[in-house]
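Contents: one structure, followed by commentary.
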Amino acid sequence: MISFALTEEQTQVRDTLLSFATSELATRARSADEARLSPSELLDTAWSLGFTALSIPEDCGGGGAPRSLVTSALMLEALGYGCAGLASAAFASMLFVNPLIDLGSEEQRLRYLPEFCGEKRRAASLALHEGAPAFDPARMATRAMRDGKGWVLTGTKRLVPMGEHASRLLVLARASDAPGLAGIRAFIVDSDATGVTIARDSGTLGLTAAGFARVELAQVRVPADDVLGDGEGADIRPLLASLRIGGAALAVGLARAVIDFAIPYAKERVAFGEPIARKQSIAFMLADMHIECEAMRWMVWKAAAEADAGRDAAKASVLAQDYVNRHAVRIADDGLQIFGGHGYIRDLPPEMWLRNMRVLTSHDAIAAA
Amino acid sequence: MISFALTEEQTQVRDTLLSFATSELATRARSADEARLSPSELLDTAWSLGFTALSIPEDCGGGGAPRSLVTSALMLEALGYGCAGLASAAFASMLFVNPLIDLGSEEQRLRYLPEFCGEKRRAASLALHEGAPAFDPARMATRAMRDGKGWVLTGTKRLVPMGEHASRLLVLARASDAPGLAGIRAFIVDSDATGVTIARDSGTLGLTAAGFARVELAQVRVPADDVLGDGEGADIRPLLASLRIGGAALAVGLARAVIDFAIPYAKERVAFGEPIARKQSIAFMLADMHIECEAMRWMVWKAAAEADAGRDAAKASVLAQDYVNRHAVRIADDGLQIFGGHGYIRDLPPEMWLRNMRVLTSHDAIAAA
Amino acid sequence: MVDFSLSDFDRAVLDGVAAEARVGEKYARYYDEHEDEVLPKSFPEAAQFPPIQQRLRGRPRDDTPMLLLQVLMRIEREAHCGVPLRQAPTALGNAALGAAGTDAQKARWGNLMLAMSITEPGAGSDTKAIQTTARLDGEEWVLNGDKIFVTNGVRCDGAIVWATVDKSAGRGGIKSFLVLKGTPGFELVRKEKKLGIRSSDTAAYAFRDCRIPRDHLIGGDEGVPRGEGEGSASYKGVLKTFNMTRPFVAAGGVGKAIGAFRVARDELAKEGIAVDFDDSRHARSATAQTLLELEADIEAATLTVMHAAWLASDGMPNNLEASVAKAKGGEVCRTGPQRAMDALGAMGLSHDYQVEQYLRDGRIADIYEGTGQIQRLVIAREILGYSSAELT
Amino acid sequence: MVDFSLSDFDRAVLDGVAAEARVGEKYARYYDEHEDEVLPKSFPEAAQFPPIQQRLRGRPRDDTPMLLLQVLMRIEREAHCGVPLRQAPTALGNAALGAAGTDAQKARWGNLMLAMSITEPGAGSDTKAIQTTARLDGEEWVLNGDKIFVTNGVRCDGAIVWATVDKSAGRGGIKSFLVLKGTPGFELVRKEKKLGIRSSDTAAYAFRDCRIPRDHLIGGDEGVPRGEGEGSASYKGVLKTFNMTRPFVAAGGVGKAIGAFRVARDELAKEGIAVDFDDSRHARSATAQTLLELEADIEAATLTVMHAAWLASDGMPNNLEASVAKAKGGEVCRTGPQRAMDALGAMGLSHDYQVEQYLRDGRIADIYEGTGQIQRLVIAREILGYSSAELT
């Protein structure tokens, strides 16, 4: 049956993270953006919430909560409301953990997941993007060549969130000549393996707190059983769907923050004798922002619910991502516009939100739902 | 030097046609639309203005005015202001005449153009479109096969303006295996040649006064020297540019009509105690309509001026057409919206204008600039 | 639990609705081109399809809420370019009677087909500006005024007519009255010729000293409340029905967009143009991208409509969400068929395909029951916490 | 005659401007990241490029109007992501002095670099709402108030400051005054940290009983006209300069969009993604279509800017057209770099390319010198024939 109702657990998780987002993330967003760094005490606090291990199976030491992309989307929306940059830094490990839960072999789960269930923060990430313009996952240049029983990875990955801090990486590479995405596999790579060089990447427009790294893979040997999944490795399409949903969910949260910040300003700011919110041009802009933010959320929920129902979420997640990408930037941009010149100054968040939103809607591997 | 100044002749031609458009076309637009027919007395009156023969060389019996696509664009904008449907019917012959002037061989001009210089109306047209969805001129199905010295044409053309009345047709067909547009040529076809069947086409959303026809070409023999141009025939790209500019110019005129009709209504129509024009949502809608109508016009002028300056107008005309197509429908659609429920009733022109605009911006061979 | 799955039962219901709508497509062009003809009460093919109430029999109670299913049924129906095989025996006025009529009135008139007559030449969305007057003269109301855009105004048995009993009282003076066809002074002025939805009749009425019995005042309350923002019980009762009619109207718009989209998608697939969801936009054609974006926009609009209906089904307030749904539904039926046409190219203009009719029929959805502008006004007031006086 | 051709002379001038701008790109990232540093008066590379006046020497009189060429020069300059090799010795205040100052004032202060100080924390586009006061006390004006968003407010020698001499007179009471740096009571409060255009300084000022000589009133007219829509000569003189500054600001926006577009086009061409103008949209990739549409939008904005400048050069009124240009220029610099980034994909976010800086730098164009909303207000008033009181 069709329903928009959250479970009690979902409401609770969302509320907890919303409170964390407003009290811990939002307050540090500007300083982290300027410093291009997430403060480690904050990352520790985030870790202590225990959400990374929440859905790790009990036999791996985790919370054993059933995986739900709807729940993840709710969490990410709440976090994005506070600060998408700090959120992506604090929860980058999920880019590694969630695919392991969903697609890893029993043996891989038992080998790699327990280390994410401790009290000590453990960073990991996922490497998707590459340097060529118009990057297309189906046409990626990073290669995994068969070498005896194992694999050899070669290529350069860019814009890897928290890459410098990650102890483990999930690296996407072309592993066969199968056309398009069918030939792509994910590999579990130790960040201090021979041939791996990780360095801070060039600066980015936004999400600077996410600590983007460049990962060079020079003939990196990976054992046969470190291709994600059993045997020849799992189809990565569900992983891509989870990434689309994750990024879009953060964008919904950020969009909501933009609107909630713009509304009181528009009601207070007086021009030509009355609050600008009483001008239809501003009022209708806010109405459109609200309309699209709602629609964006339902698109994310729909895609997430498809996955939760055990159906292929590829199409629904592409539609959600496409929809969110087209509307979220507009919301952030209109948010800045409502503040006029004040929106252009780095004293207030709108300009940062525009930059962050732009990154969220261009980068395909910021968060895994 | 860069200038937006019209010549005296251009101002005069434009004003003459604007006056004709408002007094003769606009007043008959609705009845012609409902009848799906252009009244022949009107077509005769239009012919008597003498614009078809204006740029036909003097040695062919014409006015000998130098061809100028800017002038043609001004004429078409003025006509589109009155009624794009009647305009396309009344000036369909230019779809045949202008390409002959521009691309025809000396011999072709002398053979075919004099008949368009008399007092008696002479209909002709151009056949571009075909029935397949997503029609692409570079991939058209109509074929011209070599047959001895001549050609044999086979295929079905659709949506040919005034096709049933045309005594001559310019038919575009693939004449060689040269890739894309390079293999397309235009052929001069007598409408009563053996194998030619012309019938009224299915109904269309708009421009119903244009009398669209379906033209069947069953093994139609065309002499060698009736391929447009010298020898192997001319590159048809300048013809396509002229068609893009012509259609876009009509759309600019129609857009201007929409705006000029909406402004007084918005000032008169009272809702919630004041004219709706004093609501920013309506006022800004009108402002955007005005902005885009201006921009559309300059795009058309730019492309036309490129051609007039002897440069390749392919790119400029594609940009102009793309721009006009994206904005013109929006203007017509917003025009209807301003009238609310009244815009949906066939008593007033907005609904007709939306239908006509939609056709102007989808059909690539309505008028030749 | 958040879920967008349909039970097998509901899937079958919707498939049945779609099958019935598909059969109605054979009559679409005829009634589009013969707008003076009134549809028969039912077409022969209707016999193939049991009435909807029958098809819903035995439906589990814990399934998708009924209101939501009804919205989905509306979408299925409108996603086809057809005329209904059975004409509904009721019209908008019946809903108003149900919402605001006394029990006696419901019993007396419930079986008639009643149109709703609100709009006037000078008052569209601004219902406060209504000029039609009702004056009590002894035991009769005397109505004077002109009404337009009366849906089903030709075929109905009577209409619920809005009129003011006291212009000085603003909204508080507006009451609704039942006027039966044939009442002296009640004239059907004309049937409108429209851009689309031509098989649905739209009438203009004139009331000239039209006398109706005193008990034809819907709800029976003759009191006139004062003060801004106030309205009589019947006025408010009718307005309340709009919280549910907006999602339905939006569903109509969404349906038309879906219909146009499907034609474009299916026809283009024959030409080898289709969306591969594994492709990036760099690999996809512009036309395929148009299909993808259109499908996303349709999905988004559908979800807002479903959300508004779901809230209502759960008894939760949905004034804001109903307007969000209406804004999205109105928008997608304006741009959707247009974009389907862009994808199809020039042949999309032709009667060979139904896209042009989807465009014409769908265009009404952003106009009636409050234009997109009115919906945005409602939404802006809600999110800004402004009254209708503070944001105009 | 309608013509969009450039003479060889002008082409060479513009190529020179572009070459100079290109050299300035090497400093772009540095000054973007070191916003506290003030640019030197000139960089060593400036020596390679003769001053623009010199390059314009010998230009035929019947060529493209000078104002239009200047707009094109601005576009060429801004289409590169760089800092100027030479800092202009003048700022906006100089234009205001030139437009409204007395001959004596022009002679006395013409060689100084003068900023323009209008905006206040509570008064952006609404200049009537200015709170800064100027009170005549003997032979001195005493200024009190706060100003923000003063472009070049740090590096200038002084500023033309708007203040009201009589709040009750509305616009009529607003006058402009020259205040030199170092005047007691004139404080440079801070230099703003901005999203972009960081090499251009933006200051906030405070005036606290700041006393300036009586003859520092620009234009010298101390009279206070009454009545709505009125303004003092100096107020109007300054406003008039906006009819020309709007196209220039718009040109800046267009330039930034062009710069971002070119990066995307050139980088994508290396990947084999390019626009073939012979292709239909069915054959073209979505990314190529984005490039095509962006180029069309840039062209359209450019033409509106050129048209507004051409009218001004011919002495024709261009209030409407200047706002059309500003609206289009503002819009294309908001959406243009965004779309270039969509085409480039995720790497467009990186400092590897300049697109992200074009986006940040260009974003100001739809805000300053009147937001896009203000321009639409101006346009709507003009086409509707409404006064500023009738349409607010």
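Quick note on labels: first sequence line is chain A, next is B, and so on, each numbered from 1. Both backbone and side-chain heavy atoms feed into the values below; hydrogens, waters and symmetry mates do not.
In this structure, the separation between CZ on D/Phe277 and CG on B/Leu181 is 13.5 Å, given to the nearest 0.5 Å. Taken from CZ in B/Arg311 to OG in D/Ser5, the straight-line distance is 4.0 Å, to the nearest 0.5 Å.
The closest donor-acceptor contact from the side chain of B/Gln280 to the backbone of D/Thr392 lies under 3.5 Å. The backbone N or O of B/Asp288 lies less than 3.5 Å from no partner atom in the side chain of D/Arg376, so there is not a single donor-acceptor pair. Of the possible polar contacts, one joining the B/Lys267 side chain to the D/Leu384 backbone as a donor-acceptor pair under 3.5 Å is found. Looking only at distances, a side-chain donor or acceptor of D/Thr64 sits under 3.5 Å from a matching main-chain atom of B/Ile2.
With respect to chain B, the highest number of heavy-atom pairs below 4.5 Å among D/Glu295, D/Glu293, D/Met1 belongs to D/Glu293. Between chain B and the residues D/Asp314, D/Asp276, D/Leu377, D/Val275, the most heavy-atom pairs under 4.5 angstrom are made by D/Leu377. In terms of heavy-atom pairs under 4.5 Å with chain B, the best-connected choice from D/Val324, D/Val378, D/Leu311 is D/Val324. Listed options D/Thr304, D/Asp278, D/Leu292 were ranked by heavy-atom pairs under 4.5 angstrom with chain B; first place goes to D/Asp278. Ranking D/Ile379, D/Ile383, D/Leu391, D/Leu6 against chain B, the residue ahead of the rest is D/Ile383, based on heavy-atom pairs under 4.5 Å.
Summarising the local packing, CD of B/Gln12 is surrounded by 12 or fewer heavy atoms from other residues, nucleotides or ligands at distances under 6.0 Å.
Note on D/Lys328 versus B/Glu294: no salt bridge recorded, every NZ/NE/NH1/NH2 to OD/OE distance being 4.0 Å or above. Comment: D/Asp297 engages B/Arg326 in a salt bridge, judged by a side-chain N to carboxylate O separation of less than 4.0 angstrom.
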The test is salt bridge (Lys or Arg N to Asp or Glu O under 4.0 Å); show your working for D/Glu390 and B/Arg278 and say whether it passes. CA-CA 7 Å; D/Glu390 286 171 307; B/Arg278 294 184 61 182; 5.9 Å; no
One pair to check against side chain to side chain contact (heavy atoms under 4.5 Å, CB included): D/Gln373 and B/Phe284. What are the steps and the verdict? CA-CA 8 Å; D/Gln373 286 68 42; B/Phe284 281 30; 4.1 Å; yes
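Using bins of under 30°, 30° to 60° and over 60° for the plane-to-plane angle, the ring pair D/Trp310/B/Phe4 lands in the tilted bin.
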